[in-house]
Undergrad: 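This is the structure I have questions about; it appears just below.
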Amino acid sequence: MSLSPRVIAFVLAFLIAAISTSFLTFVEGVTSSMLFVVGLSSFVGSFFLVLYTIEIIVYREVNKMYRTIHKLKLKDFNISRKSLIRENNPLKRLNDEIFVYVAKKQKEIEELKKLEQFRREFLADVSHELKTPIFAAQGFIHTLLDGAIDDENVRGRFLKKAAKSLDGLDALVKDLVTLSQMETGAIKMNMERLNLRVLTEDILDRLEKIAQDRRVAIKIKPDKLMEVWVMADAQRIEQVMINLIENAIKYNNEGGKVIIHFDEDKKNYGISVRDNGPGIPPEHLNRIFERFYRVEKSRSKERGGTGLGLAIVKHILNGHGSKIAVMSKLDKGTTFSFKLDKADKLEITE
Ligand SMILES: Nc1ncnc2c1ncn2[C@@H]1O[C@H](COP(=O)(O)OP(=O)(O)OP(=O)(O)O)[C@@H](O)[C@H]1O
Ligand SMILES: [Mg+2]
């Protein structure tokens with residue numbers, strides 16, 4: 001229980017009145033009415049005196065603290081000086097507010113530290129990813145300049161390798177630019193009516209070669225949903241589908257299966273890409289959407305990934321007001337899924 005200045009003043013005044021009247025009873029010839037008058041006057045007098053003293057001291061201190069807070073940053077506090085003075089226990093209120101303020105600041109500091117760590121890691125990753133293809137292309141070109149250019153067998157091969165490294169570098173820089181533009185909101189989604197089923201079949205034709213190389217079989221289900229009309233940015237959703245399907249092929253076992261599944265509810269189409277590959281260990285699951293994050297650095301590297309694909313997927317789907325979800329079981333496979341708004345019925349029948 002918190003003691004208000006009035007309660008304290010009341011208790012002290014009562015004690016003072018009780019002590020002074022009890023002393024007075026020892027004096028001879030004192031009548032009960034005298035005792036009553038002395039008791040009452042000392043009670044009233046001390047009550048107001050104590051109350052006044054407490055309030056002067058408390059308010060002086062509160063005022064001082066208030067001024068300090070004012071200097072710190074008033075907008076972080078929910079209290080005004082008036083409401084503070086009116087409080088029953090201003091010191092406790094002030095203490096609570098300071099506690100909230102400190103907790104808030106602590107959280108801000110932790111977030112800043114996390115951001116700083118993220119920035120440092122990002123910078124290290126970018127420089128590493130840029131360095132690798134530059135280094136390779138540089139090596140081939142210098143070898144050619146140092147004389148290999150005269151060797152007809154080597155010349156073409158080295159030039160092709162240098163060009164491949166530079167193509168990789170170009171793709172990486174493009175991905176980075178896209179990501180940063182999406183983060184700053186510079187890219188607006190260009191929403192249009194789009195038959196996602198047709199787009200997916202188109203993508204499968206293009207990915208046929210890498211699927212065949214890994215002997216991965218791909219299927220679209222169910223057959224009855226031949227038309228999947230969604231409102232989306234065609235180019236961006238194509239990027240999403242390519243990355244999800246490519247991942248399902250690249251990170252699958254040889255001879256594995258990939259199923260692209262469409263379903264619908266009243267407002268949306270649900271799209272999922274499922275594989276029966278090795279799966280993603282649970283401790284990596286919520287990190288795979290970070291830029292440059294790869295589960296097995298060496299395995300992914302050998303399959304040509306930079307780890308930007310899913311970060312881009314996440315941003316694109318955010319831009320569509322949707323979210324990507326992932327479910328994975330080790331040795332059973334992985335499913336990525338998301339929803340898109342259905343295109344207007346009227347437009348479909350056009
Ligand atoms: N279907 C999947 N099965 C198993 N692991 C996966 C699957 N999809 C993604 N991963 C893991 O998540 C990581 C991140 O995927 P992401 O698409 O972001 O990058 P990437 O494929 O390595 O490179 P990029 O897409 O930029 O070419 C991959 O490196 C891989 O380790
Ligand atoms: Mg990928």
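None of these values were measured; they are calculated from a predicted model. Note that ligands are numbered from 1 as they come in the structure, with each ligand's atoms numbered from 1 the same way. Position 1 is the first residue of the sequence; numbering continues from there.
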Undergrad: Establish, yes or no, whether a centroid distance under 6.0 Å links the rings of Phe14 and Phe47.
TA: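 No: the rings miss the under 6.0 Å criterion.
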
Undergrad: Look up atom CD1 in Ile141 and atom CG in Leu166, then write down how far apart they are to the nearest 0.5 Å.
TA: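 Spacing of CD1 (Ile141) from CG (Leu166) equals 6.0 Å.
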
Undergrad: Please indicate whether any nitrogen or oxygen in Ala311 is less than 3.5 Å from any nitrogen or oxygen in ligand 1.
TA: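 So ligand 1 has no N or O lying under 3.5 Å from an N or O of Ala311.
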
Undergrad: Is any protein N, O or S atom closer than 2.8 Å to the Mg ion (ligand 2), and if so, which?
TA: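 Atoms qualifying: Asn243 OD1, Asn247 OD1.
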
Undergrad: Taking the minimum heavy-atom distance to atom 24 (P) of ligand 1, which of Leu310, Thr306, Asn252, Val326 ranks first?
TA: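 Considering heavy atoms of Leu310, Thr306, Asn252, Val326, the nearest to atom 24 (P) of ligand 1 sits in Thr306.
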
Undergrad: Quick one: does any side-chain atom of Lys342 pair with a main-chain N or O of Asp265 as donor and acceptor, under 3.5 Å?
TA: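 Side chain of Lys342 to backbone of Asp265, a donor-acceptor pair under 3.5 Å: yes, one is there.
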
Undergrad: Any idea which part of Tyr293 is under 4.0 Å from ligand 1, heavy-atom wise: side chain, backbone, both or neither?
TA: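 Backbone only; the side chain of Tyr293 stays clear of ligand 1.
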
Undergrad: Quick one: does ligand 1 sit under 4.0 Å from the side chain of Asn243, the backbone, both or neither, non-hydrogen atoms only?
TA: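 It is the side chain that gets close, since no backbone atom is under 4.0 Å.
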
Undergrad: Give yes if a backbone or side-chain nitrogen or oxygen of Asp175 is under 3.5 Å from a nitrogen or oxygen of ligand 1, and no if not.
TA: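 No, since none of the N or O atoms of Asp175 sits under 3.5 Å from an N or O of ligand 1.
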
Undergrad: Side chain, backbone, both or neither: which part of Ile280 comes within less than 4.0 Å of ligand 1 when only heavy atoms are counted?
TA: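 The answer is the side chain of Ile280.
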
Undergrad: Test of understanding: given a 4.0 Å heavy-atom threshold, classify the contact between Asp275 and ligand 1 as side chain, backbone, both, or neither.
TA: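 The side chain, only.
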
Undergrad: With a 4.0 Å heavy-atom cut-off (strictly under), which part of Thr334 contacts ligand 1: side chain, backbone, both or neither?
TA: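 Only the side chain of Thr334 comes within reach of ligand 1.
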
Undergrad: Over 60° means perpendicular and under 30° means parallel, so classify the ring planes of Phe122 and Phe292, tilted if in between.
TA: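 Plane angle between 30° and 60°, so tilted.
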
Undergrad: Which of the atoms in ligand 1, numbered in the order shown and given with their element, are less than 4.0 Å from a heavy-atom of Val295?
TA: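 Ligand 1 atoms under the 4.0 Å threshold to Val295: 11 (C), 31 (O).
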
Undergrad: If you count heavy atoms of other groups shown closer than 6.0 angstrom to CD of Glu152, is the number above 12?
TA: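 It does not: Glu152 CD has 12 such atoms or fewer within range.
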
Undergrad: Counting each atom of ligand 1 from 1 as listed, which ones have a heavy atom of Phe336 under 4.0 Å away?
TA: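 Listed by number with element, the hits are 1 (N), 8 (N).
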
Undergrad: Could you tell me whether His284 approaches ligand 1 through its side chain, its backbone, both or neither, with non-hydrogen atoms closer than 4.0 Å?
TA: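 Within the 4.0 Å criterion, His284 makes no contact with ligand 1.
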
Undergrad: Please check: side-chain N/O of Arg214 versus main-chain N/O of Lys250, any donor-acceptor pairing under 3.5 Å?
TA: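 Such a contact is found between Arg214 side chain and Lys250 backbone.
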
Undergrad: Ignoring hydrogens and geometry beyond distance, is a side-chain donor-acceptor pair present between Thr31 and Ser33 at under 3.5 Å?
TA: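 Side chains of Thr31 and Ser33: pair found under 3.5 Å.
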
Undergrad: When you measure from the side chain of Lys267 to the backbone of Glu264, do you find a donor-acceptor pair of N or O atoms at a distance under 3.5 Å?
TA: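 No; judged by distance alone, with no hydrogens or angles, the pair does not exist.
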
Undergrad: Tell me, please: is Phe289 in heavy-atom contact with ligand 1, that is, under 4.0 Å?
TA: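 Distance cut 4.0 Å: Phe289 fails for ligand 1.
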
Undergrad: For Ile149, does its backbone N or O pair with a side-chain atom of Arg155 as donor and acceptor, under 3.5 Å?
TA: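 Here the side-chain-to-backbone pair exists.
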
Undergrad: Any sub-3.5 Å donor-acceptor pair from Arg294's side-chain atoms to Thr306's backbone N or O?
TA: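 Judged by distance alone, yes, a pair lies under 3.5 Å.
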
Undergrad: With heavy atoms of Gly307 as the reference, note each atom of ligand 1 found under 4.0 Å away.
TA: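 Matching atoms, with element in brackets: 18 (O), 19 (O), 20 (P), 22 (O), 23 (O), 24 (P), 26 (O).
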
Undergrad: Can a donor-acceptor pair be found, under 3.5 Å and without considering hydrogens, that links the side chain of Asn195 to the backbone of Val228?
TA: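 Yes.
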
Undergrad: Scan residues 316-326 for pairs that pass side chain to side chain donor-acceptor pair (under 3.5 Å), counting only residues two or more places apart or in two chains.
TA: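 Every pair satisfying side chain to side chain donor-acceptor pair (under 3.5 Å) with a residue in residues 316-326: there are none.
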
Undergrad: Can a donor-acceptor pair be found, under 3.5 Å and without considering hydrogens, that links the side chain of Asp275 to the backbone of Gly333?
TA: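 No, the answer is negative, given that no donor and acceptor are paired below the 3.5 Å cut-off.
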
Undergrad: What do you reckon, does Gly277 put a non-hydrogen atom under 4.0 Å from ligand 1?
TA: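 Distance cut 4.0 Å: Gly277 fails for ligand 1.
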
Undergrad: Any idea which atoms of ligand 1 are less than 4.0 Å away from a heavy-atom of Ile288?
TA: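 Checking each atom against Ile288, I get 12 (O).
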
